[in-house]
Amino acid sequence: LLTAILGVSDGIQSPLIVVYYLVIATAGFRYSRILPLWAAGLCVAGYTVLTLSGTPEPLYARFIKTISMGLMGLMAGTIVGRFQKLVGRAVTAALSRQRVEGMFSRYVSHQVARHLLDQGENTLTLPGRRCRVTVLMTDIRGFTTLSSKLTPEEVVSLLNEYFEKL
């Protein structure tokens with residue numbers, strides 16, 4: 001009865017075989033390496049039970065279908081695993097770059113920090129560049145005496161306040 005309804009013995013064109021392959025492929029979209037393998041195992045078990053209870057197919061046909069379902073689950077799990085690693089590396093690199101840019105931009109402007117990070121290892125040589133700039137020299141009267149009486153945190157706070165007003 002099941003074979004008549006589901007068409008198990010119709011070969012690879014069987015609606016049930018298509019459903020099994022769709023279940024395995026869809027399991028890969030859950031972003032889990034293990035789920036496609038479990039889906040493949042369950043589909044192989046379900047297919048085997050249904051073919052044993054229905055019109056028997058040749059053994060080689062059952063073997064090819066079950067092996068192909070297992071391989072599809074293995075491939076889907078492998079692809080998902082590699083995709084996870086790739087996405088993980090991209091996210092780690094982006095977060096690392098953002099953190100470095102944030103730390104570096106405390107000392108130079110955000111534009112300069114981005115430019116240096118975009119240049120990559122080429123910036124290690126820093127060949128120099130001619131451009132017109134304005135330099136402001138400033139002296140804080142009594143700074144040495146004052147800073148020797150303050151904690152490092154208070155000196156940084158004082159300098160930050162001073163530079164903000166400039």
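Given the structure is predicted, the values throughout are model-derived calculations rather than measurements.
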Exercise: do Thr151 and Glu154 side chains pair donor with acceptor under 3.5 Å: yes
Closest contact, heavy atoms only, Val44 versus Thr66: CG2-O, 3.6 Å
Straight-line distance of Glu101 CD to Arg114 CZ, nearest 0.5 Å: 5.0 Å
Common cluster, Tyr162/Leu158, ILVMFWY with side-chain heavy-atom separation under 4.5 Å: yes
Spacing of Tyr47 atom OH and Lys65 atom NZ [to the nearest 0.5 Å]: 3.5 Å
Linked, directly or transitively: Val156 and Met103 (ILVMFWY side chains, under 4.5 Å): no
Minimum heavy-atom distance Ala40-Met69, with the two atoms named: CB-O, 3.5 Å
Main-chain N/O of Ile64 paired with Ser68 side-chain donor or acceptor, under 3.5 Å: yes
Residue pair Pro36 / Ala76: nearest heavy atoms and the distance that separates them: CB-CB, 3.7 Å
Arg97 CZ: over 12 foreign heavy atoms closer than 6.0 Å: yes
Minimum side-chain heavy-atom gap Trp38-Ile24 below 4.5 Å: no
Distance (rounded to the nearest 0.5 Å) between Phe83 CZ and Ile79 CD1: 11.5 Å
Taking every non-hydrogen atom, the tightest pair across Leu22 and Thr26: O-OG1, 2.6 Å
side-chain contact (heavy atoms from CB on, under 4.5 Å) partner of Gln84, chosen from Leu86, Val87, Val80: Val80
Any donor-acceptor pair under 3.5 Å from Ser147 side chain to Phe143 backbone: yes
Candidate pair Ile140 and Leu146, rule side-chain contact (heavy atoms from CB on, under 4.5 Å), full reasoning: CA-CA 10 Å; Ile140 303 173; Leu146 178 64; 5.9 Å; no
Stepwise side-chain contact (heavy atoms from CB on, under 4.5 Å) check, Ile67 with Phe63: CA-CA 6 Å; Ile67 291 296; Phe63 178 74; 3.7 Å; yes
